[in-house]
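Reviewing the structure listed below.
By convention in this document, chain letters (A, B, ...) are assigned in the order of the sequence lines, proteins followed by strands, and residues within each chain are numbered from 1.
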2 protein chains.
Amino acid sequence: MKKYNHSTYAILGILTTNCRSGYAIKQLIDQSLNHFWKISYGQIYPALKLIVEDGLATVRTSSHESKPDRNEYFLTSKGKETLRNWLEAPIEQIPVERNEILLKLFFGRYQTQETTLLQLEDYKQKLEARYQSYLNIEHAISTGKNSEEDARYWLFTLDYGKRVTMAAIEWCQATLKQF
Amino acid sequence: MKKYNHSTYAILGILTTNCRSGYAIKQLIDQSLNHFWKISYGQIYPALKLIVEDGLATVRTSSHESKPDRNEYFLTSKGKETLRNWLEAPIEQIPVERNEILLKLFFGRYQTQETTLLQLEDYKQKLEARYQSYLNIEHAISTGKNSEEDARYWLFTLDYGKRVTMAAIEWCQATLKQF
DNA sequence: GCTCCCATGTAATCTGTTACATGATTCC
DNA sequence: GGAATCATGTAACAGATTACATGGGAGC
């Protein structure tokens, strides 16, 4: 069984939804998976090409009035099986986030206190904005036109994002207090 | 002002401590920064080479009885300034963690429930082990031979790791309950 | 005419991992 | 003799970003 990278499996998974073009895949990831995944067009289009070459999906160009043509991809049974095999496979290791803010704080001794405080405040604000965006995604998923079966799992992942982000916000507050 | 990548700045920062060789840098990162940073020798040695070429540090080979020689690096004033400039610079964006477990869970509809549960249990276990390792790091920092000034900031970053990991563990528990 | 959104794609570059190569010393 | 730890380094590869190129349609 040939191996693909995670982003390719992400694309394979998204092709089970109604997002069928490269552009739509990018949008879905940016909008609904952005709390644990991101991707660029430089990955999407070559991956879609490979997916078709390997017989995991077929392409069809569809025209829509008043919009550019788009290439729509449909999983083949081989594609569905490849996805299922990956989903059933155990997870090797949990991710190590590379966090620039923490890296700088680690060397905080060589920073001015003013900078440390500004960076913490800034981080807190960005986390709060992120939290707010999760609430928006939550609303979109709950009221969206996706299947309830999908929504259930999507909300699980979102709950993760909310909890972890909230913990980080609380850490910012607690750390700021110590200055 | 020439720009370096984050891992190079991390190395520059570590050279302010008593870790002065490639090997020692790797150890410190694996032991004390592993909750928000990781690095491989394939990055460290070329980066050290560049750091010297650019005059940010000097090398000196030191011999220790009953141990192989090691190359010890010392920041120059230019190196210290480069580090300070980076530390003072604002943070562009907060990181997006790529999380394979969440990616699979997002497509949980196409997984057997058994697999979903196993993966969640497994993730929870790994997080608990990670939390425990943070407690060990905490102890090492608190009782270590590093300056108290450093220890203060190191414990801040560790607190982040603990809070976020605990939030993730709680999420695992809450999610498992829903099956 | 201009800007924004839709849409696809490639090439260069950067960042990071893995595998490999080498060799000293210590402890069993 | 063998395993573990200390120590340095490179080459091949994988993964991902960025910049660039192209072009249609909608609305102002």
Side-chain angles (χ1 to χ4, degrees), chain A residues 2-12 14 19-31 33-34 36-53 57 59-73 92-93 95-100 103, chain B residues 2-11 14 18-31 33-34 36-53 57 59-73 92-93 95-100 103:
Chain A
K2 188 171 171 183
K3 284 209 172 180
Y4 298 92
N5 60 38
H6 290 160
S7 287
T8 303
Y9 290 117
I11 292 170
L12 238 34
I14 291 171
C19 293
R20 314 213 148 276
S21 67
Y23 189 83
I25 287 167
K26 170 75 171 151
Q27 280 192 301
L28 182 68
I29 292 183
D30 286 352
Q31 285 160 24
L33 284 80
N34 80 68
F36 63 90
W37 212 263
K38 62 173 178 161
I39 201 165
S40 66
Y41 287 122
Q43 288 171 276
I44 292 173
Y45 289 111
L48 284 170
K49 202 176 164 186
L50 179 70
I51 282 169
V52 173
E53 272 169 25
V59 218
R60 202 169 66 197
T61 302
S62 77
S63 301
H64 301 263
E65 17 169 299
S66 78
K67 279 190 182 170
D69 285 359
R70 83 176 72 126
N71 296 336
E72 296 189 325
Y73 295 81
E92 311 90 51
Q93 50 185 345
V96 174
E97 163 191 81
R98 275 192 176 80
N99 189 319
E100 190 190 345
L103 184 57
Chain B
K2 188 172 171 183
K3 283 210 174 183
Y4 298 91
N5 61 35
H6 291 161
S7 287
T8 303
Y9 289 117
I11 291 171
I14 290 173
N18 284 325
C19 293
R20 312 212 149 278
S21 69
Y23 190 81
I25 289 166
K26 171 73 172 153
Q27 279 192 303
L28 181 69
I29 292 183
D30 287 352
Q31 284 161 22
L33 286 80
N34 81 67
F36 64 89
W37 211 263
K38 61 172 179 163
I39 201 165
S40 66
Y41 287 121
Q43 287 172 275
I44 292 174
Y45 289 112
L48 284 171
K49 202 175 162 186
L50 180 70
I51 283 169
V52 173
E53 274 171 23
V59 217
R60 200 169 68 196
T61 301
S62 76
S63 300
H64 301 263
E65 16 170 299
S66 78
K67 277 189 183 172
D69 286 359
R70 81 177 72 128
N71 298 336
E72 296 189 324
Y73 295 82
E92 311 91 52
Q93 50 184 344
V96 174
E97 163 191 82
R98 275 190 175 81
N99 189 320
E100 190 190 346
L103 183 58

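Take the nearest nucleotide of DNA chain C for A:G22 and for A:R98: the residue whose nucleotide is more 5' is A:G22. Summary of the strand contacts: A:P68 and B:S40 both lie near DNA chain C, and taking for each the nucleotide with the nearest heavy atom, the more 5' one is attributed to A:P68. Of the residues near DNA chain D, A:K38 and B:N71, the one whose nearest nucleotide (by heavy atom distance) lies more toward the 5' end is B:N71.
One atom, CD1 of B:I39, and another, C1' of C:dT18, lie 15 Å apart when rounded to the nearest Å. Rounded to whole Å, the distance from CD1 on A:I44 to P on D:dT17 is 10 Å. We find that CD1 of B:I11 is positioned 14 Å from C1' of D:dG9, with the value rounded to whole Å. The separation between B:L50 atom CG and C:dG16 atom P is 14 Å, rounded to whole Å. The CD atom of A:E97 sits 14 Å away from the P atom of C:dG16 (whole-angstrom rounding). Rounded to whole Å, atom P of D:dG9 lies 13 Å from atom CD1 of B:I51. The interatomic distance linking B:E100 (CD) with D:dG15 (C1') rounds to 14 Å, in whole Å. When the P atom of C:dT15 is taken as reference, atom OH of B:Y41 falls 22 Å away, rounded to whole Å.
Side-chain N or O atoms of B:R20 include one that pairs as donor or acceptor with a backbone N or O of B:Y73 at under 3.5 Å. For the pair B:K26 (side chain) and B:S40 (backbone), a donor-acceptor distance under 3.5 Å is absent. In this structure a side-chain-to-backbone donor-acceptor pair under 3.5 Å is missing from A:R70 to A:S62.
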Report each atom pair, protein N/O against N/O of nucleotides 11-13 of chain D, whose distance is under 3.5 angstrom.
none

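Contact annotation: A:N5 does not reach the phosphate of D:dA14 (side-chain N/O to OP1 or OP2, under 4.0 Å). Within the 4.0 Å cut-off from OP1 or OP2 of D:dT17, at least one side-chain nitrogen or oxygen of A:Q43 is found. A close approach under 4.0 Å does occur between a side-chain nitrogen or oxygen of B:K49 and OP1 or OP2 of D:dT10. Put simply, A:Y45 has a side-chain N or O that comes within less than 4.0 Å of OP1 or OP2 on C:dT8.
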*Do B:N99 and B:L103 pass the side-chain contact (heavy atoms from CB on, under 4.5 Å) test, and can you show the C-alpha distance, the side-chain angles, and the key distance before you say yes or no?*
CA-CA 6 Å; B:N99 189 320; B:L103 183 58; over 6 Å; no

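Between the side chains of A:S63 and A:D69, at least one donor-acceptor pair of N or O atoms lies under 3.5 Å.
Comparing D:dT17, C:dC6, D:dT8 by their nearest atom to the side chain of A:Y23 picks out C:dC6.
Residue A:Y9 is classed as having no contact, given no heavy-atom separation below 4.0 Å to the nucleic acid.
Ring geometry for B:Y23 versus B:Y41: interplanar angle under 30°, hence parallel rather than tilted (30 to 60°).
For the atom pair CG of A:N5 and CG of A:L50, the computed distance is 9.0 Å after rounding to the nearest 0.5 Å.
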